[in-house]
Amino acid sequence: MISARKQFGRRAGAALLVGTILGGLSAPAFAQETPAPAGTEQAPTPAPAPAQTQAPATTTPTPAQAPAATQPRPAQPAGTIRSLSVRGNQRLEPETIRAYANLTPGQSYTAETLDTALKELYATELFADVVITGAETGNIVITVQENPVINRILLEGNRRLKDDKILPEIRLKPREIFTRSKARADVERIIELYKRQGRYAAQVEPKIVQLEQNRVDLVFEVYEGPVSKVRSINIIGNDAFADDRLRREMFTRQTGGLLGFLRSNDSYDPDRLAADQQKLRAFYLTQGYADFRVVSALAELTPDRRDFVITYVIEEGPRYRFGAIEAQSDLRDLTADRIKQVVDIQQGEWFNAKQVEDAVTELNEEAGNLGYAFADINPAYNRDPQTRTMAINFKVGETPRTYVERIDIQGNTVTRDKVIRREFRVNEGDAFNAQRVKRSQDRIQSLGFFQEELGVKQTEGSAPDRIVLGVDVEEKSTGELSLSAGYSSLERFVLALSIAQRNFMGKGQILNAGINYSRYSKSVQLGFTEPYLFDRQILLGGDIYRRDYNSFNFVDNERNTTYSQVTTGLGLRLGFPINEYLSLGTRYSLAQDKITLDKDTFFFDPDLVPDPDGTGPLTGSNGPLPAECDPRRAGRYLCDEVGKRLSSLLGYSLIFDNTNGIRATRGQRLSFSQDFAGLGGDVRYLRSRGQGTKYWGFGTGWVLSAHAEGGYIHPLEKKPGPGRDAIRITDRFFGAQLRGFDIRGIGPRIERIAYISPTELDPKGARVSDAIGGRAYYMGRLELEFPTSSGIRSLGLRPSAFVDVGSLFALTKPRLLNAPGVCAQNPDDDPTTIEDDQQVLQPGETCQAGFTYVPGTGLREFYVGDSPKPRLSIGVGVNWVSPFGPLRLDIAKALLKQDGDDTKLFSFNVGTQF
């Protein structure tokens with residue numbers, strides 16, 4: 001503890017000293033009774049005064065003296081300061097101390113004068129101790145002990161609150177003068193910080209460590225204590241609703257329960273207590289109790305100072321219904337009948353204050369759409385306690401039509417003003433329109449350049465009919481330079497190097513370049529987009545790219561590469577709006593695809609092995625293959641796809657979007673697109689796709705979204721042959737991706753099962769499953785996003801629950817292989833070579849006498865999964881904007897599936913945009 005006498009005691013002692021000296025007592029005797037603080041040299045003490053000048057220490061008053069004691073004390077005689085010296089000072093000059101004491105040689109003085117000087121010196125907070133002596137002779141000596149200088153401030157024992165949270169609240173600073181009053185004030189501030197954290201048992205003890213040259217280290221020893229929980233919430237006076245029902249309306253929760261360790265709102269918070277009272281009142285007002293009030297709210301700390309017990313005393317009052325609903329309007333454009341239509345409150349319903357509040361908000365929006373920015377809307381309540389009804393008269397006062405005087409934009413240091421102004425749907429000088437202002441806010445939000453909670457402020461202009469629109473933006477980082485690595489359940493190791501600027505040079509342009517590498521895909525891409533070409537709302541963009549994709553199949557749930565597709569191409573985009581919410585985009589792309597198979601795995605020498613199905617020379621889509629593809633290893637459907645093809649696509653998209661931002665909480669987004677392949681090139685088809693998403697925001701942070709999409713590819717050329725579809729495998733649909741199913745886990749596929757004898761398949765052996773896509777698909781999704789605390793939102797976490805449904809189908813059934821295998825007289829021979837001692841089996845044949853079946857030489861293909869019947873899954877997931885890029889985690893259970901589908905309970909992906 002800080003070891004020193006209190007200032008009050010010092011001041012009182014000094015005042016007594018002066019009064020005693022002037023009254024005839026010995027000052028040196030008192031000075032000896034007042035020791036100097038440790039570590040400080042004590043000033044010399046003058047010799048004792050003659051004994052006859054001292055009043056007897058113990059004297060019994062005589063009868064003659066007793067009455068004199070009751071007489072008023074005579075005025076103290078005044079003296080003159082003959083000399084004034086200062087002792088004990090180290091940093092301060094004597095002249096400075098004399099100036100603080102307001103004493104000078106030659107000045108007359110009394111006891112009150114010296115007492116005032118003493119108080120003035122203590123008031124400077126520069127001294128730990130002050131003694132004034134020499135009053136009886138006029139040779140005044142001021143002996144001081146200066147307060148030390150703080151060398152440094154240390155915190156010990158603080159774990160929940162780090163130094164960077166506490167030190168800014170401490171008023172004392174290094175190199176400042178230490179005073180006990182400031183130290184006590186800082187202790188209170190630290191304790192208040194812990195109280196805000198719910199730690200009411202926290203204690204702080206200040207200590208000083210003496211250093212040389214009158215310096216000290218100030219140490220605050222902190223005992224944080226546990227978080228003070230709310231042990232119970234008691235409610236007195238409630239008849240209409242049970243305690244548990246009312247507790248659910250509060251922000252504060254009682255401690256305990258199965259998931260109590262996950263709660264953060266079961267600690268005591270005075271601000272939350274006040275908010276809970278408002279929540280109770282708001283709840284009762286929505287239930288018709290217009291006279292409800294909270295009589296008292298008391299929070300009591302338990303004796304062990306660990307928990308609180310909160311008690312509310314309430315008065316519910318009678319329950320009211322809506323009475324007559326009337327309307328009056330002084331605005332010509334907003335009639336009383338129109339007001340009643342907008343209000344939509346029915347007489348006889350239970351009174352609901354929230355419904356009245358919403359009605360006023362809707363009336364303000366209606367008036368704003370008519371150009372009245374500052375509409376005077378006042379609901380007048382007429383309560384009838386006899387009939388328990390609440391009649392309401394919505395009065396709309398006369399206000400002038402408003403015009404936009406100017407638009408102020410602040411906070412944009414990178415983004416140019418015109419990038420923001422061109423998103424406004426009203427211009428300076430236009431009539432005010434609340435709907436267009438709201439749309440302007442949504443469009444600025446959709447840019448993705450600024451904070452999520454962005455608003456357009458409306459303030460009065462230079463005249464009553466003028467309004468100033470202001471938007472104060474807080475820019476986010478729009479440039480991205482990242483080198484990241486990750487791991488996903490599909491791609492295994494993922495490496496990405498990318499540079500992108502979504503607001504290039506502050507003009508709203510998009511410039512991006514990237515390199516991505518993973519087990520199954522590699523790509524290089526460069527793109528540029530100008531959203532406002534020549535300052536008109538025309539989008540122009542282009543991309544060049546090279547993508548290397550390795551397709552895969554499943555062998556006993558293990559992925560294995562099947563074919564490789566290398567695509568090199570370029571694309572151009574042009575888009576423009578049709579109206580406020582509808583836009584048209586056109587595009588053209590030219591790309592060359594090259595599909596190859598691993599020759600060591602899927603090819604054989606035709607001089608050694610004849611065509612397994614006996615149909616003649618093997619050919620691909622572009623003619624005879626340079627080497628023979630073994631259908632027993634690759635499948636006929638892959639052998640048909642080997643080669644190069646040039647694709648020339650011309651397409652368009654029609655898009656309707658009235659959502660309120662990138663992470664929408666209301667509105668819908670609809671699109672329809674078609675791509676025509678055949679403007680040159682080697683392939684011809686028409687691909688159509690449509691999709692739509694609807695968002696509903698409700699409550700506090702709840703967002704419900706419904707999504708549906710579908711597509712179909714119509715071939716514009718004949719099938720190249722029997723069992724071959726007119727749409728090549730690389731142009732088909734392979735999704736929608738349904739959670740609960742693996743990547744490419746639904747739709748048409750070929751399963752290959754090995755023979756274990758000439759007539760028997762291996763039921764437990766390796767099962768090869770190759771997804772071959774489809775020409776049609778549909779998908780629906782219903783997802784509910786949960787509200788989270790501000791701390792969780794700041795981490796970029798957005799949990800949700802979902803239901804997915806969809807299917808992939810419509811493909812020509814391919815030719816299937818049924819090769820039972822080989823019988824041999826010598827099973828140790830290589831079965832890939834045909835010798836006289838081997839027998840190649842046909843379906844239904846058995847081994848000849850003396851021949852033995854060679855395991856692993858036969859297989860049979862089955863075509864499964866080509867069905868429009870729905871697949872259905874349900875699950876929960878979370879989106880996380882992690883330091884490694886966007887991350888999606890899902891746990892989903894497939895409830896409906898078809899033959900051949902591959903399910904997956906848990907999946908996560910890094911780098912997928914969401």
Side-chain angles (χ1 to χ4, degrees), residues 1-3 6 153-172 180-208 218-238 241-281 294-314 789-792:
M1 289 293 292
I2 300 175
S3 56
K6 293 184 178 179
I153 298 176
L154 303 174
L155 296 168
E156 295 181 358
N158 57 310
R159 297 182 179 179
R160 301 295 180 178
L161 285 178
K162 300 303 181 183
D163 291 6
D164 59 349
K165 300 295 183 182
I166 299 178
L167 290 176
E169 297 295 325
I170 296 178
R171 299 293 177 85
L172 287 172
R180 291 173 177 81
S181 60
K182 290 183 179 180
R184 285 194 296 269
D186 286 338
V187 167
E188 294 300 323
R189 292 188 186 94
I190 297 173
I191 291 177
E192 184 62 30
L193 285 178
Y194 277 98
K195 286 182 178 180
R196 295 175 191 173
Q197 299 289 324
R199 299 180 183 274
Y200 282 80
Q203 298 178 6
V204 179
E205 184 177 356
K207 292 185 177 181
I208 58 174
L218 177 57
V219 181
F220 291 98
E221 291 187 354
V222 180
Y223 168 71
E224 297 181 321
V227 174
S228 298
K229 301 290 186 178
V230 176
R231 183 173 298 177
S232 64
I233 301 176
N234 304 318
I235 304 174
I236 301 174
N238 53 312
F241 302 96
D243 289 6
D244 288 342
R245 178 67 184 88
L246 297 180
R247 291 189 190 107
R248 289 200 300 270
E249 293 297 323
M250 301 178 186
F251 294 113
T252 306
R253 294 287 185 264
Q254 295 181 148
T255 188
L258 182 62
L259 300 178
F261 67 95
L262 296 176
R263 294 197 195 104
S264 61
N265 58 348
D266 59 353
S267 59
Y268 174 71
D269 186 343
D271 296 333
R272 195 185 298 143
L273 180 66
D276 286 338
Q277 297 179 55
Q278 297 300 322
K279 287 276 287 181
L280 279 176
R281 175 169 173 76
V294 178
V295 178
S296 65
L298 180 63
E300 297 178 297
L301 194 61
T302 56
D304 59 2
R305 301 183 63 85
R306 298 180 64 90
D307 296 322
F308 277 86
V309 176
I310 300 176
T311 303
Y312 294 96
V313 179
I314 65 175
S789 65
S790 58
I792 294 178

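Being a predicted model, the structure only gives us computed values, none of them experimental.
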Heavy-atom side-chain contact between [X] and [Y] under 4.5 Å:
X: N158; Y: E224; result: yes
X: Y194; Y: V222; result: yes
X: F241; Y: I235; result: no
X: R189; Y: I170; result: no
X: Y268; Y: L273; result: yes
X: D276; Y: Y312; result: yes
X: I233; Y: M250; result: yes

Hey, could you give me the [atom1]/[atom2] distance between [X] and [Y], rounded to the nearest 0.5 Å?
X: R247; Y: D243; atom1: CZ; atom2: CG; value: 4.5 Å
X: K207; Y: E221; atom1: NZ; atom2: CD; value: 4.0 Å
X: K229; Y: T252; atom1: NZ; atom2: OG1; value: 12.0 Å
X: S228; Y: D307; atom1: OG; atom2: CG; value: 7.0 Å
X: E205; Y: E156; atom1: CD; atom2: CD; value: 11.0 Å
X: L155; Y: L218; atom1: CG; atom2: CG; value: 9.0 Å

Heavy-atom neighbours of R160 CZ exceed 12 at 6.0 Å: no
F308 and Y200 aromatic ring geometry - parallel, tilted or perpendicular at 30°/60° bounds: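 Correct class here is perpendicular.
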Charged N-O contact under 4.0 Å between D186 and R171: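 Answer for the salt bridge query: no.
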Main-chain N/O of S267 paired with R272 side-chain donor or acceptor, under 3.5 Å: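 At least one qualifying donor-acceptor pair exists.
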Reference residue L161; test side-chain contact (heavy atoms from CB on, under 4.5 Å); the match among R199, E169, R196, Q197: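 Only match with L161 under side-chain contact (heavy atoms from CB on, under 4.5 Å): Q197.
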Worked check of salt bridge (charged side-chain N to carboxylate O under 4.0 Å, His left out) between E249 and R245: CA-CA 7 Å; E249 293 297 323; R245 178 67 184 88; 2.7 Å; yes
